[in-house]
Amino acid sequence: MPELPEIETIRLGLLPHLKYALVRDLVVRNPRFRWPIPSTLSAQLRGARILDLSRRAKYLLIVCDRGHLIAHLGMSGSLRLVSGDRVIGKHDHYDLVLANGRIVRFTDPRRFGSLHWTSEPPEKYALLANLGVEPLSEAFDGEWLYHASRGRSVSIKQFLMDQHHVVGVGNIYANEALFRAGVHPHIPAHRVGLERCTRIVTAIKHTLDLALSAGGSTLRDFVNCDGEPGSFQLSYRVYDREGKLCYRCQGAIKMTRQGQRGTFYCPSCQR
DNA sequence: CTTTTGACCTGACAGC
DNA sequence: TGCTGTCAGGTCAAAA
């Protein structure tokens, strides 16, 4: 499923094809997502000029001359650039048709994705307005994490996964980053000191950078805009490795559940 | 205010 | 073989 590096990979892949492209149409086959695609959107988009692509958290922002199209890929969504004669699959829910006949096709078996439109500045849009700091920005550092987590009783892992604090850190990266930082996922956030906060931040940036520089990782069924998996085989050190041996200490990886999400960790390497 | 739980959806897989 | 049940995931809304 796409996490932040995967969205960024898709953005970079689509950018040369979409920048300054003219939108011929938006074809919606199935508007039923978490938020329905407004029926008026197609008409609004016809003839629009795409100026740029940007990203906020895991939202892809398609900057148009008359507003912003905001796409979220949920957990099973993909955006692929296809030719006009490509066969339409069962889960191909909408097409952004360009004037040159090429299509940006959204496929999402589980329909957790969504498509939004706003003519306001995107940062004012309700779903984006309360998002936290970007994990790859300079603002996100050990000091920031330390101060932001004071007085918070939730576990450090759940804190990191809360989009109101830091965006773009999903379950897999949270598990992996905490292992790399040597921090136990169950520790209450307020009890993680500055030194460990710094290690966590470094580990998050490092893990995201690794996947990013390799064009996305092969997280489950991720494919980039050309329909290819990421070239970087992110070998999980703890995620989905319950009962297997820790690569560092040879102890058994443990699995628990936090907020209905699987947590994987090494009890002796993470404290 | 913070924190927890439920809901959404469907493919994959385990167990009968 | 085929049915049923459970799980995964991101993230908002509602409940506590």
Side-chain angles (χ1 to χ4, degrees), chain A residues 1-10 28-37 55-61 70-79 89-94 106-116 118 122 124-135 147-177 185-192 204 207-208 211 216-223 229-230 234 236 238-243 253 255-264:
Chain A
M1 87 291 333
E3 296 204 28
L4 190 147
E6 287 69 45
I7 304 298
E8 190 61 18
T9 297
I10 287 170
V28 180
R29 289 181 206 88
N30 183 352
R32 303 192 333 275
F33 292 99
R34 178 137 190 217
W35 288 274
I37 299 178
R55 179 190 59 74
R56 177 71 172 109
K58 295 177 189 170
Y59 292 93
L60 180 70
L61 308 184
I70 304 173
H72 198 287
L73 303 193
M75 68 156 285
S76 60
S78 64
L79 278 172
K90 181 180 174 187
H91 302 297
D92 294 341
H93 302 311
Y94 69 75
F106 180 68
T107 306
D108 186 6
R110 288 172 206 174
R111 306 218 323 271
F112 275 17
S114 54
L115 186 67
H116 314 262
T118 180
K124 300 251 168 111
Y125 189 71
L127 291 174
L128 306 191
N130 297 310
L131 291 174
V133 66
E134 286 285 332
H147 290 296
S149 57
R150 293 313 88 184
R152 299 308 187 120
S153 61
V154 281
S155 69
I156 185 63
K157 179 182 175 237
Q158 289 177 291
F159 184 88
L160 293 172
M161 289 176 64
D162 187 332
Q163 301 289 295
H164 299 103
H165 305 136
V166 199
V167 301
V169 182
N171 195 40
I172 294 174
Y173 283 112
N175 278 298
E176 295 296 311
H186 287 90
I187 297 177
H190 70 269
R191 291 186 48 199
V192 179
I204 288 173
T207 312
L208 293 175
S217 54
T218 52
L219 291 179
R220 303 247 175 214
D221 47 9
F222 167 71
V223 292
L234 179 69
Y236 303 135
V238 287
Y239 180 76
D240 207 20
R241 297 195 65 242
E242 182 185 14
I253 301 298
M255 193 273 202
T256 57
R257 203 158 277 283
Q258 290 178 282
Q260 310 173 81
R261 289 290 174 271
T263 292
F264 301 85

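Predicted model only: the values in this text are computed from it and were never measured. Residue numbers begin at 1 in each chain, while the letters A, B, ... track the order of the sequences.
In this structure, Leu160(A) atom CG and dT11(C) atom P are separated by 14 Å, rounded to whole Å. Rounding to whole angstrom units, NE2 of residue His116(A) and P of dC12(C) are separated by 9 Å. Taking atom CZ of Arg261(A) as the reference point, atom C1' of dC7(C) lies 10 Å away to the nearest angstrom. Here the P atom of nucleotide dC12(C) and the CD atom of Gln163(A) are 7 Å apart, to the nearest Å. In this structure, the CE atom of Met75(A) is 10 Å from the C1' atom of dC7(C), given to the nearest Å. As a whole-Å value, the separation of Trp35(A) CH2 from dG10(C) P is 15 Å. Atom CG of Leu131(A) is separated from atom P of dT11(C) by 9 Å (rounded to the nearest Å). His93(A) has its NE2 atom 13 Å from the C1' atom of dC8(B), to the nearest Å.
Donor-acceptor pairing under 3.5 Å is lacking for the side chains of Ser153(A) and His190(A). A donor-acceptor pair shorter than 3.5 Å cannot be found between the side chains of His116(A) and Thr118(A).
With sequence neighbours left out, the ring-ring contact (aromatic ring centres under 6.0 Å, His included) criterion links Phe106(A) to Phe33(A), Tyr94(A). Residues passing the side chain to side chain contact (heavy atoms under 4.5 Å, CB included) test with Arg150(A) are Tyr146(A), Cys197(A), sequence neighbours excluded. In terms of the side chain to side chain contact (heavy atoms under 4.5 Å, CB included) criterion, residue partners of Ala174(A) (sequence neighbours excluded) are, by chain and number, Lys157(A), Met161(A), Val169(A). With sequence neighbours left out, Ser155(A) forms a side-chain hydrogen bond (donor to acceptor under 3.5 Å, both in side chains) with Gln158(A), Gln258(A).
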So which protein N/O to nucleotides 3-5 of chain B N/O distances come out below 3.5 Å?
{"unit_1": "dT3(B)", "atom_1": "OP1", "unit_2": "Ser153(A)", "atom_2": "N", "d": "2.8"}
{"unit_1": "dT3(B)", "atom_1": "OP1", "unit_2": "Ser153(A)", "atom_2": "OG", "d": "2.8"}
{"unit_1": "dT3(B)", "atom_1": "OP2", "unit_2": "Arg152(A)", "atom_2": "NH1", "d": "3.1"}

Hey, what are the protein-to-nucleotides 9-13 of chain B N/O distances that come in under 3.5 Å?
{"unit_1": "dC9(B)", "atom_1": "O4'", "unit_2": "Arg110(A)", "atom_2": "O", "d": "3.4"}
{"unit_1": "dC9(B)", "atom_1": "O3'", "unit_2": "Arg111(A)", "atom_2": "NH1", "d": "3.3"}
{"unit_1": "dT10(B)", "atom_1": "OP1", "unit_2": "Arg111(A)", "atom_2": "NH1", "d": "2.8"}
{"unit_1": "dT10(B)", "atom_1": "O2", "unit_2": "Arg110(A)", "atom_2": "NE", "d": "3.3"}
{"unit_1": "dG11(B)", "atom_1": "OP1", "unit_2": "Lys90(A)", "atom_2": "NZ", "d": "3.3"}
{"unit_1": "dG11(B)", "atom_1": "OP1", "unit_2": "His91(A)", "atom_2": "NE2", "d": "3.0"}

CA sep, side-chain torsions, deciding dist, call: Leu60(A), Ile70(A), side chain to side chain contact (heavy atoms under 4.5 Å, CB included): CA-CA 6 Å; Leu60(A) 180 70; Ile70(A) 304 173; over 6 Å; no
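At the heavy-atom level, Leu73(A) lies nowhere under 4.0 Å from the strands shown. Within 4.0 Å of Tyr59(A), counting heavy atoms only, lie sugar-phosphate atoms of the nucleic acid but no base atom.
You'll find that the side chain of Arg257(A) is closest to dA8(C), out of dA13(C), dA8(C), dG10(C).
The local environment of CZ in Arg29(A) is crowded, with over 12 non-hydrogen atoms from other residues, nucleotides or ligands closer than 6.0 Å.
Salt bridge status for Glu134(A) with Arg56(A): present, with a side-chain N to carboxylate O gap under 4.0 Å.
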